[in-house]
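The sequence lines fix the lettering, A, B, ..., with proteins before strands; numbering per chain opens at 1.
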Protein chains: 2
Amino acid sequence: MPKVGMEDIRRKSLISATLKTIQERRSIDIRVSDIARAAGVSSGLAHHYFGSKDRLILAALRHLLTDFRRLVLRRLAEADSPRQKLSALIASSLDETQFSDATVTAWLVFYAHAQSTPEARNLLRVYVRRLQSNLCYNLRPLVGNRAPEIAEMIGSLIDGLYLRQALRVEKADAAFARTLIENCLNRFLDTAPMEGQDHAV
Amino acid sequence: MPKVGMEDIRRKSLISATLKTIQERRSIDIRVSDIARAAGVSSGLAHHYFGSKDRLILAALRHLLTDFRRLVLRRLAEADSPRQKLSALIASSLDETQFSDATVTAWLVFYAHAQSTPEARNLLRVYVRRLQSNLCYNLRPLVGNRAPEIAEMIGSLIDGLYLRQALRVEKADAAFARTLIENCLNRFLDTAPMEGQDHAV
DNA sequence: TTTTTAATTGACTGGTCAATCAATAAAAAA
DNA sequence: TTTTTTATTGATTGACCAGTCAATTAAAAA
């Protein structure tokens, strides 16, 4: 039933069906046929467009990351000062949709998947590094050369809150998580020496 | 070849073979026959003693958790003051062996596995809750009713540092991670009001 | 209209693996 | 010694599933 230009539509719907299936099954151990059914097509078509299950899964990860990046950029654009940009970075990681059960589950599943899949690992590493350098860049005017350490702290806090959110039955509120990080950050800003260092890190 | 009392030996060696296999493959997607080979027995024997792959994997998780708990208790016993106990809790999570590539990988793999396996999830939740209440209990004399918030922060930091360690190629030093958390904690101790609250959390 | 070409299906193949089971071996108990 | 009991194996079964392929449909191009 070929209406030309279906490819793009199918690819997109297969990719979101993949995410949806991973989220519902709470695992990466899913069948291509399930994904295809969720997208309303045959399993053959999934292979036709993506070649293999692995590549389809990578495409889904890439999609998750791109979505997130879009969110970050949008929020960053609305912020003026470094301090506001820091809040924008925190807020985009811990915005209500990102901190939802489905999204958090997907992240965790992909993180684990990346352990045994070099290409997934690289994709995630890029994302981590980008967040890290964003944080660092905006921290520098505020805390000088303690920026890398504090960036690492904030980044770890975000990831840790995700991990714990994934495990919780009664999901925590995204606002709670944001406040927690902001509080922590403020502690370092209030009293932090503008330049000059104390402990090596 | 029955020398009586083999059961205990086999169970133990199958459990550590399971952990080892998960760590080597960096995945929970492993074959019973691989585990058995690593333990030097047939795959039939693994089923004989554990009934199913699932139960063997749960036993491995339980073993990881018990090992960790033993470490925590040992370190706690050596600490006298609440402040020292906090450091003991941090140090046991981020001790050199716990922060090693193999261990960190196993944790991440199990965390993801727990998303789709209720029994694994419960085991991990118990571990998180126990750490949390330990932290909280020892924070209370130092920071009053901000204890829960700060405990959540430290717990999240630990988990986040694990997650990032798992992703890194050049593994970070455990001492670096400990220092980072101690620095953060100190910020809250130095200036924290003994009682009395500011923001709701 | 005829031909080409993109889209799509679902049956099929081949490989993989968890779990079972009947058989065997030898220590321990009688 | 004979019998029982425990330990152990590896071949086998049955289910599952990724990926392939030949066939079909209908839009688009000629």
Side-chain angles (χ1 to χ4, degrees), chain A residues 1-61 109-110 112-113 116-120, chain B residues 1-61 109-110 112-113 116-120:
Chain A
M1 307 93 179
K3 179 169 277 182
V4 117
M6 273 296 112
E7 173 155 0
D8 218 52
I9 297 170
R10 295 307 189 200
R11 290 190 102 98
K12 277 177 187 147
S13 90
L14 278 164
I15 286 173
S16 36
T18 305
L19 269 181
K20 199 179 150 206
T21 306
I22 288 175
Q23 289 167 343
E24 270 169 12
R25 287 273 204 294
R26 303 184 143 263
S27 166
I28 205 150
D29 189 8
I30 52 177
R31 288 173 228 123
V32 171
S33 60
D34 288 338
I35 299 173
R37 189 172 327 118
V41 298
S42 74
S43 71
L45 201 67
H47 282 100
H48 177 65
Y49 284 129
F50 287 93
S52 75
K53 184 180 169 179
D54 282 348
R55 266 186 260 156
L56 179 49
I57 284 179
L58 280 175
L61 171 54
V109 162
F110 280 123
H113 178 62
S116 55
T117 308
E119 200 164 346
Chain B
M1 308 91 177
K3 180 168 276 183
V4 115
M6 274 296 111
E7 172 155 1
D8 218 53
I9 297 171
R10 294 307 189 200
R11 290 192 101 99
K12 276 177 188 147
S13 91
L14 277 164
I15 285 172
S16 37
T18 305
L19 269 181
K20 199 178 149 206
T21 307
I22 288 174
Q23 289 167 342
E24 271 169 12
R25 287 272 204 295
R26 303 184 144 263
S27 166
I28 206 151
D29 189 9
I30 52 178
R31 288 175 227 122
V32 171
S33 59
D34 288 337
I35 300 174
R37 188 174 327 119
V41 298
S42 74
S43 70
L45 202 66
H47 282 100
H48 177 66
Y49 284 130
F50 287 92
S52 75
K53 183 181 172 181
D54 282 348
R55 266 186 259 155
L56 179 48
I57 284 179
L58 280 175
L61 171 54
V109 163
F110 279 123
H113 179 62
S116 55
T117 308
E119 201 164 343

Which is true for A:I30 with a 4.0 Å heavy-atom rule: it touches a base, it touches only sugar-phosphate, or it touches nothing?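 The residue A:I30 makes sugar-phosphate contact but no base contact.
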Mind checking B:S43 for me? I need base, sugar-phosphate or nothing, with any heavy atom below 4.0 Å counting as a touch. nothing
Residue [X], side-chain heavy atoms: nucleotide from [options] that is nearest:
| X | options | value |
| --- | --- | --- |
| A:V32 | D:dT8, C:dA18, D:dA18 | D:dA18 |
| B:R31 | C:dA18, C:dA7, C:dT9 | C:dA18 |
| B:H47 | D:dA7, D:dA18, C:dT20 | C:dT20 |
| A:V4 | C:dT9, C:dA6, D:dG19 | C:dA6 |
| A:S42 | D:dT9, C:dT9, D:dA7 | C:dT9 |

[X] [atom1] - [N] [atom2] separation (whole Å):
| X | N | atom1 | atom2 | answer |
| --- | --- | --- | --- | --- |
| A:D8 | C:dT8 | CG | P | 12 Å |
| A:R25 | D:dC16 | CZ | P | 13 Å |
| B:Y49 | C:dA19 | OH | P | 18 Å |
| A:I9 | C:dT8 | CD1 | P | 9 Å |
| A:D29 | C:dA18 | CG | P | 11 Å |
| B:I28 | C:dA18 | CD1 | P | 12 Å |
| A:H48 | D:dT25 | NE2 | C1' | 14 Å |
| A:M6 | C:dT9 | CE | P | 11 Å |

When you check the gap from the basic side-chain N to the acidic O, do B:D34 and B:R37 get nearer than 4.0 Å?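 Counted as a salt bridge, because a side-chain N and a carboxylate O are separated by less than 4.0 Å.
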Grab the two heavy atoms, one from B:L56 and one from B:A46, that are nearest each other, plus how far apart they are. CD2-CB, 4.5 Å
Hey, which sits more toward the 5' end of DNA chain D by its nearest nucleotide, A:S33 or B:G5? B:G5
If you define the side chain from C-beta out and look only at heavy atoms, does anything of B:R25 sit under 4.5 Å from B:R31?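 The answer is yes; the side chains approach within 4.5 Å.
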Below 4.0 Å: OP1/OP2 of D:dT8 and any side-chain N or O of B:R10: yes
Heavy-atom count check: over 12 atoms from other residues, nucleotides or ligands less than 6.0 Å from A:E7 CD?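 Above 12, so yes.
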Out of B:R10, B:R11, B:K12, which one pairs with B:D8 under the salt bridge (Lys or Arg N to Asp or Glu O under 4.0 Å) rule?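 The salt bridge (Lys or Arg N to Asp or Glu O under 4.0 Å) with B:D8 is passed solely by B:K12 among B:R10, B:R11, B:K12.
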